[in-house]
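The structure under discussion is supplied below as structure tokens; questions concerning it will follow.
So that the names make sense, note that chain A is the first sequence line, chain B the second, and so on, each numbered from 1. Side chains included, hydrogens not; waters and symmetry mates left out as well; all remaining heavy atoms used.
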Amino acid sequence: MSSDRRKPFPFDEFEPRWQQRWESEKTFGSAGPGDPDFDGSKPKCFVLDMFPYPSGAGLHVGHPEGYTATDIIARAKRMQGHNVLHPMGWDAFGLPAEQYAIKTGQHPRITTDANIVNFRRQLKSLGFAYDWDREVNTTDPGYVRWTQWIFLQLYHSYFCEESRKARPVSDLEAKGWSRPQIDAVRLAFVHEAPVWWSPDLGTVLANEEVDEWKAKGHTVERRPLRQWMLRITKYADRLINDLDPLDWPEGIKLLQKNWIGKSEGAEVIFNVHGHPITVFTTRPDTLFGATYMVLAPEHPLVSSISSPEQLPAVSAYIQACASKSDMDRGDLNKDKSGVFTGAFAINPVNNEPIPVWIADYVMMGYGTGAIMAVPAHDDRDLAFATKFNLPILQVVQPPDNSDWQGFTDEGTAINSGFLDGLTTPAAKQHIISWLESNNLGRRRIQFKLRDWLFSRQRYWGEPFPIVWENGEHRAIPDSELPLLQPDLEDFKPTGDPRGPLIKATDWIRYSDSAQRETNTMPQWAGSCWYYLRYCDPHNSDRFISREAEAYWLGGNDKPGAVDLYVGGTEHAVLHLLYARFWHKVLFDLGHLSTPEPFQKLVNQGLILGEDGAKMSKSLGNVVNPDDVVRAYGADSLRLYEMFMGPLEQVKPWSMKGVEGVSRFLARVWRVAFTESPDGSWALNPKLSASAPPDKSLRRTVHETIRKVTDDIDKLSFNTAISQMMICTNAFTAADVVPVADLVSLLLCLNPFAPHLTEEIFAHLQAAFPDLPASQLALQPWPQFDPAALVVDEIEIVVQVNGKLRDKITVASAADPATIEAAALAAPRVIDAIAGGSIAKVIVVPKKLVNIVVK
RNA sequence: GCCGGCAUGGCGAAAUGGUAAACGCAGCGGACUUAAAAUCCGCUGGCCCGCGAGGGUCUUGCGGGUUCGAGUCCCGCUGCCGGUACCA
């Protein structure tokens, strides 16, 4: 006895055997341009998983959910005649890997490699049809080289405002631009600004990452540092507009749009004792209602405009804000604070003086760091004005005459001079024209999106291919790529904002007068373009060959390159935004033929623990895929995860459910085999190659082919599996099973449960030599016969006033008049309409009759 | 607060505006077995009527509406989950 539980079918024997065969025969290799077996006549299909972060914990059951879904699509598409690209790789740089290495005291190279070995073993044990020859690892020198090369593409480019595209900075050099002018417009640039610095992680973080690491218990503070930035804000418009033609969940599109945060409004220039101060507002129509102005405490003009009497209070307030951690600012959300500067601004529309305050509810990082406060029609301004007794002046009349105080929607302008009587949108247009013609302001579109903070003070990431000389940066030549990080015994963060690479003195020295940049790139760098590398993973001349790019990523008249991308929602605004940005830059520069990376995106839902709570070590409800494979087999795990419910839905785990699908697979097994008294399996005698056709069985089989084909297309795997269960139950109940029908089911089931179906089919091949010689996975997808679906008679439901009263059976070809007559003649219908008069009869062919009685 | 998503049996769920609950889990009964497991067969939303076959009636979070007909479409709520937050 090898196990405490008797196996319902010998998966533990045949699953590893088939996995070895697929590997040694390279069954799922995909040939692209340049490869020997390439067949360019087949349509391509690029089916992509979000590659995992190889953590020390190994795979959890959430990984195989998305991976099984794409595996089913990839296998089915291959059987349907597509040339399928279905690869896997490792997102192996980054903070968690380095934190793990620090914790275990081992070099991140060692721990990362060990984790990858474990992940690869686990994925292979699930029988995924990956082309393992295309495996990529973001930490491989051959990969790092091209990550750095792409960075240099950004470094050597600027955003051309006329063409709205990235262009090489050499264009600007040709026009005679100076070096500082060019540095000021590069897509990759150096900037000194307040950034998010985490003292205990010893690095800065991107805006998008801050929450994640705070949630893990790390502290984050604001600190001015010189950093590498990527000018993603130039792409804000395109990143919003280009979402439209993508087949993404609307919720994810919205999340990105909100993150980019486009606001249309105006800049208005106020005069404050000779200093022009510009504010940004989305409601220029309320300018007459501005009763005070607020500057961010960090605003550069605060000290110069403050009156001598107010200066001590102002300085104290600025001091207090600076020491306030970000957390405190968030928590004290609604409780407004602020100080009067003693200065007055002149409202340009009516020359009224209004007091200028500073308050931390205005942030330096958004807009101009200054606002005009309209307390009557803005919640925050209202709270502030109420607290500090500032005047509140109505300038918008609500359409329904509701309370104007705190009314923030659109209405009609009042108390607004020349704007009076205009609707909010009309007033906006009018005032903007007025401001522009008087040089007092202009139309302005403002985004929430900030430029991407791209440098980290860490060891485990790609070094920047940059050297510094005489305070000026420059790129190292492509021939020096990849630039690998030096081998450091001690790679721990130092707390020095230059990062741990500062310790590698030999490595830093580039020449007598030039030193290397010591910052490294964030984890996102590698994941921004890995899908491109899969198309041509071993190319040492280019990041991807022109031919491979055109074939795998272009050519289907869609903006998105990858046909299907499946992964979790957690990347909605990080990876998915960054990758789109890089893709667009490479597209602009002529390296790619599509403007978008991912045509169709699907988010798999979270799998919860058996108790309905999120799986976590502390709750002890984590399910390890290895344990499930050991007890039930890979096919059962795959099938269960697809049978649980719709892919996108959040759903709880159930071991009983795994047992249920495992029982189903055992029933399929027993259609093919019967158990001999000695425990061995022999071919089921009810299988027949020459069975007389059984019409109802045949109909079930063809209905199954039809439904499974449709459902796979819709990614509706749970209902496809239901149908295959129905078909299997029909086989179990039948006295004779035609081999061809069983093979049809096996073909349908093969993408879901590849090991079991191949094993059964191999035995059928031995017994029935007429069957095709190849594996199921290499055979064409089954076609259903519409004739087999035709039935002679159908049941029609008869309703009276919408209530089910009787059922009648009619010939399937019966015309509506015949159906109506039969319905009216049904005995229980006659009873139901007795005493009333028939007002109307609705006949829905092949479905129902509804008799309306009065 | 704002923006999304969801709400159907004891549980996971299914249902192009057309028989609500397919399929699976759990439960109940039966066959096989000395017995158990496994397997196979059958039953399984609530209430009411009937010894029974069967029949009636109610039921998709709540309240309205559109329609011959609504789980599905529209309006208004409630609850849960996710995202986001002083973004002017």
Short N-O contact, K336(A) and D381(A), less than 4.0 angstrom: no

Closest to the P646(A) side chain, choosing from A14(B), U39(B), C86(B):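 The closest nucleotide is A14(B).
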
Nearest to the R805(A) side chain among G56(B), C40(B), G69(B), which nucleotide is it? G56(B)

Looking for any heavy atom pair under 4.0 Å, which part of the strands does N850(A) touch: base, sugar-phosphate only, or nothing? base

Return a single string for nucleotides 20-27 of chain B, one symbol per nucleotide in 5' to 3' order, where B is base contact, S is sugar-phosphate-only contact and - is none, cutoff 4.0 angstrom on heavy atoms. --BBSSS-

With a 4.0 Å limit, can you tell me whether K847(A) has a side-chain N or O closer than that to the phosphate oxygens OP1/OP2 of A15(B)? no

I'd like to know if the side chain of K651(A) reaches the main chain of Q649(A), judged simply by a donor and an acceptor atom lying under 3.5 Å from each other, with no hydrogens or angles considered. yes

Please check the phosphate of A88(B) (OP1 and OP2 only) for any side-chain N or O of Y361(A) closer than 4.0 Å. no

I'd like to know if K714(A) and D711(A) make a salt bridge, using a cut-off of under 4.0 Å between side-chain N and carboxylate O. yes

Inter-residue atom distance M50(A).CE - L601(A).CG, 0.5 Å rounding: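 Going from the CE atom of M50(A) to the CG atom of L601(A) covers 5.5 Å.
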
Atom C1', compared across A53(B) and A38(B): separation rounded to whole Å: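 Pairwise C1' distance, A53(B) against A38(B), rounds to 36 Å.
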
Measuring only the P atom in each nucleotide, how far is G63(B) from C58(B)? A whole number of Å is fine.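 Rounded to whole Å, the distance is 15 Å.
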
Nearest-angstrom distance, C1' atom, U60(B) to G71(B):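 That atom pair is separated by 5 Å.
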
For the pair K707(A) (side chain) and Q723(A) (backbone), establish whether a donor and an acceptor sit closer than 3.5 Å, ignoring hydrogens and angles. no

Distance check: side-chain N/O of T569(A) vs OP1/OP2 of G83(B), anything under 4.0 Å? no

Take atom C1' in A88(B) and the same atom in C81(B), then report the distance between them in whole Å. 30 Å

Does K807(A) place a side-chain N or O at less than 4.0 Å from the phosphate oxygens OP1/OP2 of U19(B)? no

With a cut-off of less than 4.0 Å, is there a side-chain N or O of Q649(A) near OP1 or OP2 of A13(B)?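 It does, given that an N or O in the side chain of Q649(A) lies less than 4.0 Å from OP1 or OP2 of A13(B).
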
Detail all sub-3.5 Å separations between protein N/O atoms and N/O atoms belonging to nucleotides 74-80 of chain B.
none

Taking the basic N atoms (NZ, or NE/NH1/NH2) and the acidic carboxylate oxygens, is any pair closer than 4.0 Å for D237(A) and K262(A)?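 Yes, this pair counts.
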
